[in-house]
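Every chain is numbered from 1 and lettered A, B, ... according to where its sequence line falls, protein lines coming before strand lines. Everything quoted here is computed from the prediction, not taken from an experiment.
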Amino acid sequence: MSATKAVFVLIHGGWHNHSAWDRVTPILKTNGFAALTLDLPGAGVNAIAPTSLGIRPFDPAAFAAERSPIAGVTQEERTQAVVALVKEAASLSDGKVILVGHSAGGMTISAVAEQVPNLLLALVYLAGFMVPNGMPLLAMLQHETLSSALAPRLFVGDPAAIGATRINVESTDEAYRSLLKAAFYGDVSESEFAPAAPLHPLHPGSGDSVDGSGSHDCDG
Amino acid sequence: MIATVDGAIGGKTTTHTLESSHSPFLSQPATLSKILIDIAVQSLAEQGADAVGLDT
């Protein structure tokens with residue numbers, strides 16, 4: 001790795017995992033830029049699906065009411081996981097790190113930037129939540145700026161009560177799946193969005209995402 | 001969204017616009033990568049930690 005190159009740290013959004021970047025990292029590497037990814041706490045290999053999601057016959061009411069298995073995962077845990085990855089990236093790049101956060105990943109990169117600003121060249125919010133300090137994700141989702149957003153219409157249950165923003169990534173309801181595609185993958189082909197697609201973007205175990213109370217806090 | 005929020009809070013953000021859905025890493029990885037690389041090259045030239053928004 002040349003010392004003149006920056007290293008990217010790519011942070012996935014809600015209901016996703018590190019594989020979201022699988023089509024991007026090879027291109028960055030071909031152009032001489034290393035890229036590090038991870039599964040955030042509560043996501044990807046760290047995800048725990050609600051028990052009710054796997055019970056048949058499926059009970060929508062139970063699914064909507066079950067407390068999230070990842071409700072205890074905090075923003076601070078996500079922040080520290082990424083801080084560690086940024087430090088690793090900095091060691092590879094003489095401190096030249098570009099931190100990218102997709103969607104809800106924006107909450108985490110803001111918090112990381114407050115802790116290790118000297119290691120970062122730039123923060124990139126990819127359709128990401130760049131919110132004022134102290135504003136929780138749930139408050140941002142309810143802000144008028146996001147009044148036309150589709151994702152909140154997918155929510156199952158009360159985020160405050162179940163401790164997570166929950167969607168049903170395994171739903172077979174045609175209208176729900178159509179909204180799911182429109183919210184996240186409007187310009188992705190139907191075949192790529194099919195549940196059996198090799199690169200299906202929504203991890204089956206990721207029905208729950210960051211809780212609605214998480215925020216990044218600083219005095220600034 | 002990013003430009004709107006940043007304008008409201010008076011932040012210092014450069015915003016790029018990509019005509020895509022919410023997830024260009026899947027639908028337009030080459031275009032997204034080019035923007036990221038351009039940001040890297042520009043940031044290396046400036047050596048400053050600024051915020052960059054990428055609205056889709």
Legend entry - Pairwise side-chain contact, A:Leu126 with B:Phe25, heavy-atom cut-off 4.5 Å (strictly under):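 Side chain of A:Leu126 against side chain of B:Phe25, heavy atoms only: contact under 4.5 Å found.
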
Inset, instruction - Report yes if the side chains of B:Ser21 and A:Lys181 come closer than 4.5 Å at any heavy-atom pair, otherwise no. - result: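 No, side chains not in contact.
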
Legend entry - Rounded distance (nearest 0.5 Å) linking atom CD of A:Glu192 with atom CG of B:Leu26: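 Here the interatomic distance stands at 5.5 Å.
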
Legend entry - Partner set under ring pair (Phe, Tyr, Trp, His ring centres under 6.0 Å) for A:His12, not counting sequence neighbours: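 By the ring pair (Phe, Tyr, Trp, His ring centres under 6.0 Å) rule, A:His12 matches no residue at all.
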
Looking only at heavy atoms, which two atoms of [X] and [Y] are closest? And how far apart?
| X | Y | result |
| --- | --- | --- |
| B:Leu44 | A:Ala6 | CD1-N, 3.9 Å |
| A:Phe184 | B:Ser23 | O-OG, 2.9 Å |
| B:Ser43 | A:Leu121 | O-CD2, 3.7 Å |

Inset, instruction - Could you tell me whether a side-chain N or O of A:His102 sits under 3.5 Å from a main-chain N or O of B:His22, the two making a donor and an acceptor? - result: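 Yes; at least one donor-acceptor contact below 3.5 Å.
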
Legend entry - Under 4.5 Å from any heavy atom of chain B - which part of A:Val97: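 Neither part; nothing is under 4.5 Å.
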
Inset, instruction - Side chain from CB out, backbone as N, CA, C, O: work out which of these in A:Ala151 comes under 4.5 Å of a heavy atom of chain B, or both, or neither. - result: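 No part of A:Ala151 comes within 4.5 Å of chain B.
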
Listing, residues 28-39 of chain B side-chain donor-acceptor contacts under 3.5 Å, not counting sequence neighbours, or none:
from, atom 1, to, atom 2, distance (Å)
B:Gln28, NE2, A:Asp187, OD2, 3.3
B:Gln28, NE2, B:Glu19, O, 2.6
B:Ser33, OG, B:Pro29, O, 2.7
B:Lys34, NZ, B:Asp38, OD2, 2.9

